[in-house]
> 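The structure is given below, and queries will be raised subsequently.
In each ligand, atom 1 is the first atom listed, and ligand 1 is the first ligand listed. Here the structure is a predicted model, which means the values were calculated and not measured.
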Amino acid sequence: MEINLSEVFYMPTKIIQGNNCVIEFSYLIKKFGNKALIVTGKTSSKLNGSLEDVLFSLDKEDIRYKIFDDVEENPSVETIEKAVNENKDEDIEMIIAVGGGSALDAGKAIAVFFANPTVSVKEAFTLKNLSNLPVICIPTTSGTGSEVTQYSIITDHDSLNKRNLGQETYPVLAFLDPRYTLNLPYDLTSSTVFDAFSHLVESYLNTRATLMSDIIAEKGFELLCELKKKLMDKDLKIEDREKLMFVSTLAGVSIAQTGTSLPHLLGYSLTYNKKLSHGIANAALYKGYLSLFKDYPKYLKMINLLGFKNTEELNSYLDNFIQYSLSLSDEEIKNFTEIALRNQEKLKNHPLIVTKEDIKTMFEMARRS
Ligand code: NAP
Ligand code: ZN
């Protein structure tokens, strides 16, 4: 093992896990203030019990609150601005984000603008080190890991793409209660799990991977190996849902150290322009991405940890796991390739030389009727 002079690990989020954890540990919320803005999507948190638990806990702790429940999938600059404008005269001291990655990312971005009222969302994309109100995250999908990452991915219609806000918005608290995912439909379960899987892979096969991020990613692969049959059979019990939520958070801890890589970079164009959900966009790009690694030793170890004999077996599993259709014209592939090549920072995360042809091939292999 080679020990280099480097930053090895940072994870400031306190993680609380288990059934009923929001209510049982509600006293932890109290220390972040007396008034919260709850940020959530339109419907799901009202149906899966998460919002009810939050409201019960806030009443119990005598914390006042406002609710913003208008976060759409892939939240936009405009939604962030709306939430801040509607609540700017309230004495909000913390943000509680409840839902999938979209609600969590929106909550993290909103927290930045409450702390920096004179900064516009557009300006924030190019500024560094903006502070934020404390953010508490309660995920209801097992995919993004946003409850433990510094990232907040926002749709910017002016640049016709999704962008990381670019601030270090680590949540102060993450509550993982798998009961909220019990009725997550299987199509959403699969696409969000694929996102968690892709975080593990892209963190593991990454120039910025460290021994610590590798340990975490390898544990994630082992847990997914245990779950892969149940996932394919659509037969998940509460204990499996609990494991999946844990995998998703592990994967979030891992990408918090390394960032993601090619599928995420290219996938944003597929989500913005072709309306594929985040997880499906990643899935579409995976066959092409994995083909870049051939005999790369860490890649072979990863296949082994996932319990597959070789690339063909892994690809065949993934092909059956996610259903989608995608047509891409040559012109679109040319444009999306140019967009990807502009993000040199992200391209540097890929541990092999990556050419324009590689990126084009990933898009070509993503086509499916
Ligand atoms: P999502 O966009 O948050 O939600 C997708 C759909 O699932 C919504 O319709 C939502 O409904 C519904 N939903 C959420 N929880 C549910 C539940 N328990 N039962 C039934 N339906 C439920 O999906 P996501 O995949 O979790 O998040 C994707 C977003 O996260 C993307 O914008 C992506 O870029 C971002 N992301 C961020 C990070 C990060 O580190 N910050 C990492 C990866 C991805 P409602 O709208 O009614 O709630
Ligand atoms: Zn992702």
> Going by the angle between their ring planes, with limits at 30° and 60°, are His199 and His278 parallel, tilted or perpendicular?
tilted

> For atom 2 (O) of ligand 1, what's the nearest protein heavy-atom neighbour? Residue, atom name and distance, please.
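Result: Ser102 OG, 2.6 Å.
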
> Strictly under 6.0 Å, is that where the ring centroids of Phe293 and Tyr296 end up?
yes

> Suppose we measure from atom 10 (C) of ligand 1 to each protein heavy atom; which comes out shortest, and what is that distance?
Ser44 OG, 3.9 Å

> Counting each atom of ligand 1 from 1 as listed, which ones have a heavy atom of Leu188 under 4.0 Å away?
7 (O), 21 (N)

> If you look at Asp195, which of its N/O/S atoms is nearest to the Zn ion (ligand 2)?
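Result: OD1.
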
> Can you name the atoms of ligand 1, numbered from 1 with element, that are less than 4.0 Å from a heavy atom of Asp195?
43 (C), 44 (C)

> Only N/O/S atoms count here: what is the atom of His199 closest to the Zn ion (ligand 2) called?
NE2

> Out of all atoms in ligand 1, which are within 4.0 Å of some heavy atom of Gly41? Include the element for each.
46 (O), 48 (O)

> Tell me the protein heavy atom at minimum distance from atom 15 (N) of ligand 1, and give that distance in Å.
Thr140 OG1, 2.8 Å

> Please say whether Asp105 places an N or O atom under 3.5 Å from an N or O atom belonging to ligand 1.
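Among all N and O atoms of Asp105, at least one is under 3.5 Å from an N or O of ligand 1.
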
> Starting from atom 17 (C) of ligand 1, what is the nearest protein heavy atom, named by residue and atom, and what distance separates them?
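For this ligand atom, the closest protein heavy atom is Leu184 CD1, 3.3 Å.
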
> Answer yes if the side chains of Asp156 and Ser159 hold a donor-acceptor pair under 3.5 Å, and no otherwise.
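Looking only at side-chain atoms, Ser159 and Asp156 do form a donor-acceptor pair, the distance falling under 3.5 Å.
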
> Does the separation of the ring centres of Tyr272 and Tyr268 fall below 6.0 angstrom?
no

> Is Thr43 in polar range of ligand 1, meaning some N or O pair under 3.5 Å apart?
yes

> What atoms of ligand 1 come within less than 4.0 Å of a heavy atom belonging to Gly100?
3 (O), 26 (O)

> Just heavy atoms, cut-off under 4.0 Å: does Asn74 contact ligand 1 by side chain, backbone, both, or neither?
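Both backbone and side chain.
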
> Whether Lys42 and Asp69 form a salt bridge (side-chain N of Lys/Arg under 4.0 Å from carboxylate O of Asp/Glu) is what I want to check.
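Looking at Asp69 and Lys42, the cut-off is not met.
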
> Centroid-to-centroid, Phe194 to Tyr286, below 6.0 Å?
yes

> Starting from atom 40 (O) of ligand 1, what is the nearest protein heavy atom, named by residue and atom, and what distance separates them?
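For atom 40 (O) of ligand 1, the nearest protein heavy atom is Thr149 OG1, 2.7 Å.
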
> Return yes or no for this condition: an N or O of Tyr268 is under 3.5 Å from an N or O of ligand 1.
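N/O-N/O distance under 3.5 Å: no.
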
> Side-chain contact, heavy-atom cut-off 4.5 Å: Val253 with Gln257?
yes

> Between Asn132 and Lys108, does any side-chain donor sit less than 3.5 Å from a side-chain acceptor?
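No - no donor-acceptor pair under 3.5 Å links their side chains.
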
> Tell me yes or no: between the side chains of Ser213 and Arg208, is some donor less than 3.5 Å from an acceptor?
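Distance-only check fails for Ser213 and Arg208.
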
> Out of Lys108, Glu73, Lys162, whose heavy atom is nearest to atom 33 (C) of ligand 1?
Lys162

> How about Leu176 and Pro139: do any of their side-chain heavy atoms sit closer than 4.5 Å?
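Yes, at least one pair of side-chain atoms sits under 4.5 Å.
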
> Would you tell me whether Ser26 and Lys60 have side-chain atoms, one donor and one acceptor, within less than 3.5 Å of each other?
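Ser26 vs Lys60: donor-acceptor pair found between side chains.
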
> Among Thr271, Leu47, Asp69, Thr141, which one has a heavy atom closest to atom 26 (O) of ligand 1?
Thr141

> Yes or no: does Gln150 have any heavy atom under 4.0 Å from an atom of ligand 1?
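No.
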
> Quick one: look at His199 and ligand 1, take heavy-atom pairs under 4.0 Å, and tell me if it's side chain, backbone, both or neither.
side chain

